[in-house]
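Below: one structure, written as structure tokens.
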Number of protein chains: 2
Amino acid sequence: MLSDDDQTTHIDEIVETIVYLYTESRRLTKQAAREIGLTGPQLTVLKLLDTLGDVSLSSLSERIRAQNSTVTGIIDRMEREGLVVRERSTADRRVVYIRLTEKGRELARSVPVEPMEIFRTVLSTLSSDDTRDLLRVLGKLGKRVRALVREHEAVSADDRRKAAGS
Amino acid sequence: MLSDDDQTTHIDEIVETIVYLYTESRRLTKQAAREIGLTGPQLTVLKLLDTLGDVSLSSLSERIRAQNSTVTGIIDRMEREGLVVRERSTADRRVVYIRLTEKGRELARSVPVEPMEIFRTVLSTLSSDDTRDLLRVLGKLGKRVRALVREHEAVSADDRRKAAGS
DNA sequence: CCGGAATACTTCGTACACGAAACTTTCGCC
DNA sequence: GGCGAAAGTTTCGTGTACGAAGTATTCCGG
């Protein structure tokens with residue numbers, strides 16, 4: 001049995017470590033991107049497009065967990081550099097597909113780095129047991145956070161409903 | 001024994017989940033901050049100052065894993081709002097200490113939210129075993145990433161040395 | 001089939017976020 | 001004691017990052 005103090009210390013350490021892993025991984029992606037004249041997010045988008053093929057701007061946003069307005073800017077700059085083109089869908093003229101140009105594709109293939117590279121590299125050195133444990137516990141965490149968020153959003157929505165009705 | 005495919009899938013899931021936990025936690029901090037007219041980083045700084053007392057700008061930067069130039073801006077805006085004051089150290093006149101004003105302190109104490117709040121909340125619901133497993137594996141990851149980064153930085157430094165010498 | 005809700009994207013304003021360069025002050029060494 | 005390197009902070013330029021408001025298009029209930 002762990003004491004409350006131990007538990008608190010452990011939580012701090014876990015948060016510390018996850019923040020470290022995340023920020024460090026992003027920093028190194030950025031550094032790799034720099035070497036070919038790109039920014040971190042731009043490299044991420046480039047790699048995604050090479051992997052997924054043409055995708056709409058919204059699904060791109062969803063994939064990299066950013067708002068549409070953010071991605072609009074990123075694509076603007078990549079289009080300016082001739083790495084991608086925008087192509088309006090004929091089926092639904094609200095939708096914009098992002099397509100790699102030849103230049104963009106070549107650049108994408110010339111870089112060996114994956115998004116969150118260092119992170120993945122190190123993860124692959126874990127034993128099967130460690131990987132399984134990590135996945136098991138993180139899975140629980142993700143599930144519980146999602147549940148809490150849903151709950152929280154529901155309360156907020158209810159607040160707004162009440163406010164509107166008053 | 002896990003197959004390579006399983007291993008790759010697991011790595012993807014782990015990365016996915018960590019990115020989710022991190023971004024979601026930041027999003028919710030931002031949302032909490034919004035309710036009292038602050039931004040996410042500003043709330044984080046406010047809480048840190050209330051906990052740590054006066055600290056120099058550099059140590060603040062280090063604590064929140066940001067560059068000094070970033071923190072300068074954050075403090076500028078908080079100072080403009082009358083939440084903190086800058087105080088130049090008398091011992092070392094290069095150093096600037098950041099101090100909470102009364103207004104800042106009151107605001108800090110009026111908010112129950114900790115940085116990465118949701119994350120901590122959910123972590124505290126884990127069993128001792130799960131916490132231990134998580135900490136154990138994350139600890140390994142952190143250690144290995146640090147080692148890789150050190151190695152990498154050493155190579156870069158060597159590159160620069162060679163370039164300078166040529 | 002038409003008018004309003006919903007969807008996809010862009011625009012705008014503000015706040016990070018970072019690296020490079022500038023500035024001030026301190027330190028180390030001869 | 002003085003001077004060059006180093007440390008602490010700020011300034012500047014560029015690129016995210018987000019929410020709110022705006023525009024164009026599609027969907028849907030009557």
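In what follows, chains carry the letters A, B, and so on, assigned in the order in which the sequence lines appear, proteins first and then strands, with residues in each chain numbered from 1. None of these values were measured; they are calculated from a predicted model.
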Notebook entry, point to check: What integer distance in Å separates B:R63:CZ from D:dG8:P?
Noted result: 18 Å
Check: Are any of B:R26's side-chain N or O atoms less than 4.0 Å away from OP1 or OP2 of C:dC16?
Finding: no
Notebook entry, point to check: Residues from residues 32-56 of chain A sitting under 4.0 Å of DNA chain D, heavy atoms only?
Noted result: A:T39, A:P41, A:Q42
Next item on the list: Nearest whole angstrom, please: distance from the C1' of D:dC18 to the CD1 of A:I64.
Entry: 13 Å
For residues 40-49 of chain A, tabulate all N or O donor-acceptor pairs below 3.5 Å that involve a side-chain atom, not counting sequence neighbours.
unit_1 : atom_1 : unit_2 : atom_2 : d
A:T44  : OG1    : A:G40  : O      : 3.1
A:K47  : NZ     : A:A108 : O      : 3.2
A:K47  : NZ     : A:V111 : O      : 2.5

Next item on the list: May I ask you to test the B:T125-A:R144 pair for a side-chain heavy-atom distance under 4.5 Å?
Entry: yes
Note to self: Quick test of your reading: applying ring pair (Phe, Tyr, Trp, His ring centres under 6.0 Å), list the pairs with at least one residue in residues 33-63 of chain A, sequence neighbours left out, ordered by first then second residue.
What the structure shows: none
Notebook entry, point to check: What's the CD-C1' distance between A:E87 and C:dA8, to the nearest Å?
Noted result: 17 Å
Item checked: Presence of salt bridge, B:E79 and B:R99, under 4.0 angstrom -> no
Checklist line | Within 6.0 angstrom of B:R86 CZ, more than 12 heavy atoms from elsewhere | finding: yes
Notebook entry, point to check: Could you state the CG-P distance from A:L60 to C:dT10, rounded to the nearest angstrom?
Noted result: 11 Å
Next item on the list: Using atom NZ of A:K30 as one end and atom C1' of C:dC16 as the other, report the distance to the nearest whole Å.
Entry: 11 Å
Notebook entry, point to check: Which of residues 67-85 of chain A have a heavy atom under 4.0 Å from DNA chain D?
Noted result: A:Q67, A:S69, A:T70, A:I74, A:R77, A:R80
Margin query: Return a single string for nucleotides 23-29 of chain C, one symbol per nucleotide in 5' to 3' order, where B is base contact, S is sugar-phosphate-only contact and - is none, cutoff 4.0 angstrom on heavy atoms.
Written below: --BS---
Checklist line | Nearest-angstrom distance from the residue atom CZ of A:R65 to P of D:dG19 | finding: 15 Å
Notebook entry, point to check: To which residues is A:V95 joined in a hydrophobic cluster, defined by side-chain heavy-atom contacts under 4.5 Å among Ile, Leu, Val, Met, Phe, Trp and Tyr, whether direct or through other members?
Noted result: A:Y97
Margin query: Side-chain heavy atoms nearer than 4.5 Å, only ILVMFWY residues, links allowed to pass through others: does that put B:V71 and B:V85 together?
Written below: no
Note to self: Whole angstroms only, please: what is the OH-P distance between A:Y97 and C:dT10?
What the structure shows: 14 Å
Next item on the list: May I have the step-by-step check of side-chain contact (heavy atoms from CB on, under 4.5 Å) for B:L134 and A:L138, ending in yes or no?
Entry: CA-CA 8 Å; B:L134 185 57; A:L138 282 180; 4.2 Å; yes
Checklist line | A:S89 side-chain N/O to A:V96 backbone N/O, donor-acceptor pair under 3.5 Å | finding: no
Notebook entry, point to check: Got a sec: does the CZ of B:R27 have more than 12 other heavy atoms crowding it under 6.0 Å?
Noted result: yes
Note to self: If you count every heavy atom of other residues, nucleotides or ligands that lies below 6.0 Å from B:E117 atom CD, does the total exceed 12?
What the structure shows: yes
